[in-house]
S.K.: 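The following block contains the structure, expressed as structure tokens.
Predicted model, so just to flag it, every value in this text is computed and none were measured. Every chain is numbered from 1 and lettered A, B, ... according to where its sequence line falls, protein lines coming before strand lines.
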Amino acid sequence: MNHLPQAWGRPRDDVYGAYDPSHFQNAAPNQHTQSPIVTGTSVVAAKFKDGVVIAADNLASYGSLARFTDVKRLRKFNDEVVVGFGGDVSDMQYLDRLLNSLDIRENYSNTESSLNAKNLHTYLSKVMYKRRSDFNPLWNHLLIAGLDGDAKPFLASADLLGTTFSSPTLATGFGAHLAQPIMRRTIPDEAAVQNVSKDDAISLVKECMKVLFYRDARSMDKYSIAIITKAGVELTEDERLENQSWAFAESIRGYGTQVN
Amino acid sequence: MFRNNYDNDSVTFSPQGRIFQVEYASEAVKQGSVVVGIVSKTHAVLAAIKRNAEELSSYQKKIIPIDSHYGIALAGLASDARVLSNFMKQQSLASRLTYDRAIPLSEITLRIADRAQTNTQQYGKRPYGVGLLIAGVDSKGPHLFEFQPSGVTQEMVACGIGARSQMARTYLERHLDSFGGCGREELIKHALRALKESLSQDKELTVDNTSVGIGGIGENFALYEGQDIAEWLDATFENREGGDDEGGDAMETDS
């Protein structure tokens with residue numbers, strides 16, 4: 001019998017022939033993520049005078065295939081912060097576990113103070129920047145929505161490069177091109193936020209979700225929406241787009257098979 | 001000098017269930033000059049007596065600002081306090097860097113308490129020989145924490161540690177109810193009076209031997225020494241000389 005540890009649990013050479021060890025080494029070197037695999041599309045968010053509204057659809061695409069249709073991409077962190085994830089879904093799940101452990105660590109010792117949206121945004125942006133500096137980025141674009149230390153509405157983004165910025169309205173992915181201009185019509189700057197009511201903001205974000213569904217081929221009509229105010233987080237995860245009208249599609253020319 | 005066989009290290013209990021090394025460390029705190037701390041609803045104040053080894057030497061630092069929102073006052077081995085304060089500075093900075101958050105005072109107190117406790121449970125280590133008062137303001141308002149070499153920490157409304165601090169504590173206990181509503185200047189006066197109580201008869205509070213640290217809501221923690229505290233000392237002394245009830249109290253305690 002061969003007593004060497006490397007032979008343990010292997011087929012016997014005298015019975016099965018010499019063991020083929022080729023699968024122990026890969027021909028290619030180890031690689032970090034070069035592109036996302038299963039992805040979520042846009043996240044849109046807008047501030048209003050008492051809080052923030054944030055929404056994302058429930059679809060996770062595998063390339064152009066609508067692979068998973070019940071993926072929740074908004075994550076409530078505590079009673080004043082919600083994080084929205086665009087991009088790779090497995091990296092989103094990793095960040096979800098990271099936030100879980102952070103939450104447990106925070107609540108283990110001191111019960112009274114917890115991290116606000118600004119704290120969480122700083123933390124997540126450091127995580128993203130660290131990973132991109134390791135040439136191993138988390139392939140996500142995050143929106144962090146909630147209240148800051150003064151209980152004022154807070155909305156900011158962090159992306160896979162560790163870039164951060166803040167604006168009264170934000171959208172990731174396709175939404176950055178399609179939803180952002182629509183939201184800017186109503187909320188052009190920080191001063192305008194004071195004139196926006198909760199209902200205004202909700203209908204604005206819902207309108208954006210509808211436009212995105214019309215135009216973004218990786219989107220879906222089922223979505224999650226969260227409203228963060230001093231009263232807490234109202235998170236609904238099974239909203240559906242209402243009052244769709246595809247009449248505009250008739251007039252689209254230049255795609256598909258039509259001739260004129 | 002040896003009290004018994006059970007005081008050679010901090011990992012052995014005496015048959016009475018005591019750890020003598022830890023108790024000796026607490027004695028080191030009582031050798032240090034007195035420091036007091038008080039909190040009101042808006043401010044946290046530290047006041048301390050500084051000692052100089054000889055006439056020609058400088059005074060030993062007693063209050064160390066750690067971060068912009070809090071500071072510590074120490075009684076006992078100053079070198080141990082320096083090690084602890086460096087650790088606290090690092091932790092505070094790390095909190096600002098990763099979370100953009102002023103570290104909660106309860107949190108930083110817990111972290112040094114854990115370090116101190118470890119020293120009482122590992123062979124070859126010795127407990128810290130310093131007691132600290134940690135005072136400042138975080139998102140939940142002003143706080144004062146007391147830290148002991150055993151790793152025990154407590155949140156306090158008012159506290160005094162160090163040599164003859166019992167006198168200061170007696171003063172603080174007597175005025176306990178008034179602290180909550182005190183303004184900044186009033187709180188400083190209380191701290192200075194408490195400090196004065198534990199001073200021996202032949203000694204006075206001067207601009208050279210007194211330190212004051214103040215943190216408040218919307219106000220960074222700041223250390224005041226030298227001529228900066230002259231006005232407060234004068235104001236506090238005036239009351240004493242004026243022969244009002246404050247002066248009367250002092251006389252009673254001394255007799």
S.K.: Check this for me: A:E237, atom CD, are more than 12 non-hydrogen atoms of other residues, nucleotides or ligands nearer than 6.0 Å?
M.R.: yes
S.K.: Near B:Y224 OH, under 6.0 Å, is it more than 12 heavy atoms from other residues, nucleotides or ligands?
M.R.: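 Enclosed.
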S.K.: Which pairs pass ring-ring contact (aromatic ring centres under 6.0 Å, His included) with one or both residues in residues 150-187 of chain A, sequence neighbours excluded?
M.R.: A:H121-A:F154
S.K.: Quick check: are there more than 12 heavy atoms from other residues, nucleotides or ligands sitting under 6.0 Å from CZ of B:R184?
M.R.: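 More than 12 heavy atoms, drawn from other residues, nucleotides or ligands, come within 6.0 Å of this atom.
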S.K.: Does B:K125 have any side chain to side chain donor-acceptor pair (under 3.5 Å) partners at least two apart in sequence or in another chain, and if so, which?
M.R.: none
S.K.: Ignoring hydrogens, what is the shortest heavy-atom contact between A:K118 and B:D100? Give both atom names and the distance.
M.R.: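 A:K118 and B:D100 have their closest heavy atoms at NZ-OD2, 2.5 Å.
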S.K.: Between A:N119 and B:R101, which heavy-atom pair has the shortest distance, and what is it?
M.R.: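 Minimum heavy-atom contact is ND2-CB, 3.4 Å.
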S.K.: Around A:R67, counting heavy atoms of other residues, nucleotides and ligands shown, do more than 12 lie under 6.0 Å from its CZ?
M.R.: no
S.K.: Can you list the residues that meet the side chain to side chain donor-acceptor pair (under 3.5 Å) rule with A:W139, with sequence neighbours excluded?
M.R.: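 Testing A:W139 for side chain to side chain donor-acceptor pair (under 3.5 Å), a comparison that skips the adjacent residues, returns none.
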S.K.: What are the two closest heavy atoms between A:L115 and B:Y99, and how far apart are they?
M.R.: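 Where A:L115 meets B:Y99 most closely, the heavy atoms are CD2-CD2, 3.9 Å.
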S.K.: Sub-4.5 Å heavy-atom contacts with chain B: which residues of residues 72-97 of chain A show up?
M.R.: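 When heavy atoms of chain B are the reference, residues 72-97 of chain A contributes no residue within the under-4.5 Å range.
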